[in-house]
Each structure stands twice: as C-alpha cells, then as structure tokens.
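What you see is a predicted model; the values in this text were computed from it and never measured.
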Amino acid sequence: MVGFFTDKGNIRELNEDYLAYSLEDEYELYVIADGMGGHNAGEVASKFAVEGVIAFIKENYGIIPVENLLKESLIDVNTKIYNMSLERKTLSGMGTTIATILVHKDFVQIANVGDSCCFGMTNTKIEKLTKDHSLVQELLDSGCITSEEAKNHPRKNIITRAIGTNKNVDVDIFNFNRQDYDLFLLCTDGLTNDVEETEIWSEYKQQKNLNIACENLVKLVKSRGGKDNITVLVFGGEN
C-alpha cells in the first residue's frame, strides 16, 4: 500500500515540494524533494530531481548494479540541475533536498541529500533512518546544543548539502531488509519541524488508511502554523 499527501502550507505561495513513485515488476522506487531558489526555481529543481531519478533508474536498471543505482541517479541529477542553474539566470542558485527509497525484492536502499528524511515504523517503534545534512545537526553531533535546543534553533533551516548547488555532491546511503519495518516513510522538513516522531508513529498505528493518515499529519502541521510546504509519502503494510 502507498499513501501520500503534499500541501503548500499556510504561508508559502508555491508548493516547491515534489513527490512521485514508480512500481515496476522488478523494483519499487519512492522519491520526495524540497526545492529552494528564487522565483519558481525551487519548484523546477524538485520536480526535475524526482523525475530525473525515476528516469535514470528505469533506463539503467539491469545495467548498473542495483546497489549503486540510487547513488548514481543522484549524482546524475545533481550535475544536470547544477548545469541548468548556470545556463539560465532565472534558475541561478536553485537546488533541492531529496530522499529516496529503492526496493528490490527484500533489499531496501535509502539515499538522502539535505534534510528531507526517512523513517521506519513497526507496531512498537519509529526510527529515523537517515541523517540530516544541516547546520543544526552538525551542532547537535558536536555536542554544542541539546536535542531540545535543536527543535527551536533560529538557524534550523540552514542545510549543508543539497542537489544542484555544487558541481559535486555527497550522497548518504543506508541499506535495510524489507522485513525490518512494517512501514517506510519519506517526508520533507515541513513535517518534522512541527510534528514529533511519536506523533507520526501514533497516527499510522491508529489510522490504517495510509492516505488519510498522511492527510491528518499535514492538517496537524497546518494547525500549528504550517510555515513551510509539507510532503509525506508512506508505503508498506498489507497489499
């Protein structure tokens, strides 16, 4: 089962988040992105990145080893978005965070760049499976701030890595087994900035309709201000 919901929130004029998924005979692919840049450049970057990853994997499945596909796809779209930003003034400085999951049989691989992230959930727990590339995460890792201070840090939205902002990109890769978790969830920081992990887990535990659960979480964010775009995509459970 797959559920998803995306919303521009209460403040932003545009929704610069983008999501898509592809269910093929040989594999499943899920991708979300959170664009940034002036005018509509963020919207361009996120859409191009998501669609580019899906196209790359479809074209190269069976050619590139499965365990290398996600990394190669993100390197490919990074180069293309970076070049686009150099060639067109209206797209100068654009970029996007991204989080993506490739499922091949029982093999689950997650890749992320930026602060869009992934969680795994079972009936008893929720675990964050990726690590944010952000200033606050670096301060947290170094012990300069506490977890509580990180939640409301004034520089919370400064990211240290993104797709398209530099010629080269470092991609984090995480490998799991499909049976490790009942549900896998991808989301942009518009969700995690205003909703606790336990609240996310509780919603999916109580609400079995994944689309409704996603919508409920977005409504919860908007009730708390909804300053950013919000996107959530979840899959798993019984078909």
Hey, is the main chain of [Y] close enough, under 3.5 Å, to the side chain of [X] for a donor-acceptor pair?
X: R161; Y: D170; value: yes
X: N112; Y: D132; value: no
X: S223; Y: L220; value: yes
X: W201; Y: E127; value: no

Side-chain touch [X]/[Y], heavy atoms, less than 4.5 angstrom:
X: R12; Y: D228; value: yes
X: Y204; Y: L185; value: yes
X: E203; Y: V195; value: no
X: V66; Y: L102; value: yes
X: F56; Y: I75; value: no
X: V108; Y: D180; value: no
X: E28; Y: V2; value: no
X: F174; Y: L129; value: no

Of all the heavy-atom pairs spanning [X] and [Y], show the shortest one and how long it is.
X: F48; Y: I81; answer: CD2-CG1, 3.5 Å
X: N78; Y: N168; answer: ND2-C, 3.8 Å
X: T79; Y: K167; answer: OG1-O, 4.4 Å
X: V53; Y: S73; answer: CG1-OG, 3.7 Å
X: L233; Y: Y30; answer: CD2-CD2, 3.6 Å
X: T97; Y: S116; answer: OG1-OG, 2.7 Å

How many angstroms lie between [atom1] in [X] and [atom2] in [Y], if you round to the nearest 0.5 Å?
X: N216; Y: S202; atom1: CG; atom2: OG; answer: 11.0 Å
X: I230; Y: D194; atom1: CD1; atom2: CG; answer: 8.0 Å
X: L210; Y: M1; atom1: CG; atom2: CE; answer: 4.5 Å
X: I163; Y: L74; atom1: CD1; atom2: CG; answer: 5.0 Å
X: I64; Y: D76; atom1: CD1; atom2: CG; answer: 8.5 Å
X: E215; Y: Q207; atom1: CD; atom2: CD; answer: 10.0 Å

Testing the 3.5 Å rule here: is there a donor-acceptor pair between the side chains of [X] and [Y]?
X: N229; Y: T188; answer: no
X: E24; Y: S22; answer: yes
X: D172; Y: H133; answer: yes
X: T6; Y: T231; answer: yes

**Message:** Could you check whether K47 pairs with E43 (Lys NZ or Arg NE/NH1/NH2 to Asp/Glu carboxylate O, under 4.0 Å)?
**Reply:**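 Answer for the salt bridge query: no.
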**Asked** With a 4.0 Å cut-off, would you call K222 and D7 a salt bridge?
**Response** yes
**Asked** Would you say the ring centroid of F235 lies under 6.0 angstrom from that of Y21?
**Response**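 Ring centroids of F235 and Y21 are no less than 6.0 Å from each other.
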